[in-house]
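Scroll down for the structure; my scribbles are underneath it.
Keep in mind it's a predicted model, so treat the numbers as computed, not measured. Both ligands and their constituent atoms are indexed starting at 1 by order of listing.
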Amino acid sequence: MERTIKHITRPEMKEILHVQSAVLKSLHDFMWNENLVQLMPVILAPFTDPLAHTVSESAIEYSGQKLQLTKSMILHKQLSMLRDDIHGIYVISPNVRLERGELSSSGRHLFEFSQVDIELKGASHTDFMRFMERLYLHMFSFVRSECRDSLKSLGREIELPSVPFPVYDSTELETEFGAEWEHLISMQETQPFWVTDHYREFYDKEDPITRKHINYDIIYPEGFGEGLSGAERETDYDVIIRKMKERKTDPTSYKSYLEIAKKGILRPTAGGGFGVERLVRYLTGKKQIQDVCMFPRVPGEDVVI
Ligand code: AMP
Ligand code: MG
């Protein structure tokens, strides 16, 4: 218990929360100016993000129905775009991902975190990439000017990234750096950058001819690693079904999502999501993600409060 009290009351927590508040204020201001509307998070639903990696199941039974705890809002934000009168949405949602205990020392994994999820109607991957670069510049500038004292006492200086961010292809990086490419290139770079074309979940669009994945990640420099993942979205029912089969995604819980997809009414969109804690960790320069959380949920560790 002493450790927990010390964690909550340590002086730098105030500075970190100040930076986090500035991130969220500048996010909301930017979205307001861009005419995006905010959704409230969904925490329980028959389906959630299948994720591209395995986590332990987190579901409850309520009134005879099995409901998943949200792993990300991807499918709900896609469905919210069925409306004609919304051109873009965002949501800040808790994501529960019961990650493997071995990830406790990664410095960047929690089993509950907050994700800012954004989706733009009719956008291409490059539209979304430019949108995100403008958002990051806006947030970084605001944090730099409004959190001068906090950053100083944390011993952190934030450089404004130049835009457009550099873009790398994941296959080329793997050829050059091997399996550990993400960490190695992140150590080498000095500003956030894009890495494109990753094999991922069924909802990330695939080019029908080249079979390249029309998706992207933002990687933070200095070894901080992945900060955002996103894509243009798959809208074609037959392609979605084929990709679910290829990925061995059990379609049972996605019944209502698939019924909607079958009607052919899913709209072309592009979007992405970034973890709030990972961004705050990068901006404050903290080694461990748990250092930026008041109540960290570290994989494999007991939850005290
Ligand atoms: P994903 O779509 O799975 O890449 O998740 C979107 C973003 O959420 C990632 O780019 C990270 O910034 C963040 N994120 C994903 N998993 C975790 C985790 N276990 N702990 C903290 N942040 C995470
Ligand atoms: Mg990712």
Worksheet item: If we only count N/O pairs under 3.5 Å, is Gly275 in contact with ligand 1?
Response: yes
Worksheet item: Taking heavy atoms and a distance under 4.0 Å, where does His109 meet ligand 1: side chain, backbone, both or neither?
Response: both
Worksheet item: Taking the six-membered ring where the residue is Trp, are the ring centres of His76 and Phe47 under 6.0 Å apart?
Response: yes
Worksheet entry | Minimum-distance protein heavy atom relative to atom 22 (N) of ligand 1 | Arg278 NE, 3.4 Å
Practice prompt. Tell me which protein heavy atom sits closest to atom 17 (C) of ligand 1, plus the residue, atom name and distance to 0.1 Å.
Written response: Phe113 CE2, 3.3 Å
Fill in: Whether Tyr136 and Phe274 hold their rings parallel, tilted or perpendicular, with breakpoints at 30° and 60°
perpendicular
Practice prompt. Between Cys293, Gly225, Ser72, Gly273, flag the one that comes closest to atom 7 (C) of ligand 1 by a heavy atom.
Written response: Gly273
Item to complete: Say whether Leu51, considering both its backbone and side-chain N or O atoms, lies within less than 3.5 Å of an N or O atom on ligand 1.
Response: no
Practice prompt. Pull out every atom of ligand 1 sitting under 4.0 Å from any heavy atom of Leu110, numbered as shown with elements.
Written response: 18 (C), 19 (N), 20 (N), 21 (C)
Worksheet item: What protein heavy atom sits nearest atom 2 (O) of ligand 1, and how far away is it?
Response: Ser229 CB, 3.7 Å
Item to complete: Identify the protein heavy atom lying closest to atom 6 (C) of ligand 1, giving its residue, its atom name and the separation to 0.1 Å.
Response: Gln115 OE1, 3.3 Å
Worksheet item: Is the Phe177-His183 ring centre distance short of 6.0 angstrom?
Response: no
Fill in: Arg108 NZ/CZ over Tyr282 ring centroid, <6.0 Å and within 45° of normal
no
Fill in: Residue-ligand contact His53/ligand 1, heavy atom below 4.0 Å
no
Worksheet item: For the residue pair Asn95 and Lys71, what are the closest heavy atoms and their distance?
Response: OD1-O, 2.8 Å
Fill in: Heavy-atom gap Glu226 to ligand 1 smaller than 4.0 Å
yes
Fill in: Pairwise side-chain contact, Gln20 with Ile16, heavy-atom cut-off 4.5 Å (strictly under)
no
Discussion item. Any atom of ligand 1 sitting under 4.0 Å from a heavy atom of Gly227?
Written reply: yes
Worksheet item: Which residue and non-hydrogen atom of the protein lie closest to atom 15 (C) of ligand 1, and at what distance in Å?
Response: Arg97 NH1, 3.3 Å
Fill in: Angular separation of OG (Ser229) and OE2 (Glu226) seen from the Mg ion (ligand 2), to 10°
80°
Item to complete: Within a distance under 4.0 Å of any heavy atom of Leu228, pick out the atoms of ligand 1 and give their elements.
Response: 10 (O)
Discussion item. At less than 4.0 angstrom from any non-hydrogen atom of Arg108, what atoms of ligand 1 do you find?
Written reply: 20 (N), 21 (C)
Fill in: Donor on one side chain, acceptor on other, Glu119 and Thr269, under 3.5 Å
yes
Fill in: Distance-only donor-acceptor check, side chains Asp127 and Ser124, under 3.5 Å
yes
Worksheet entry | Side chain Glu159, main chain Gln191, donor-acceptor under 3.5 Å | no
Discussion item. Is the terminal nitrogen or CZ of Arg247 (NZ for Lys, CZ for Arg) located under 6.0 angstrom from the six-membered ring centre of Tyr199 and within 45° of that ring's axis?
Written reply: yes
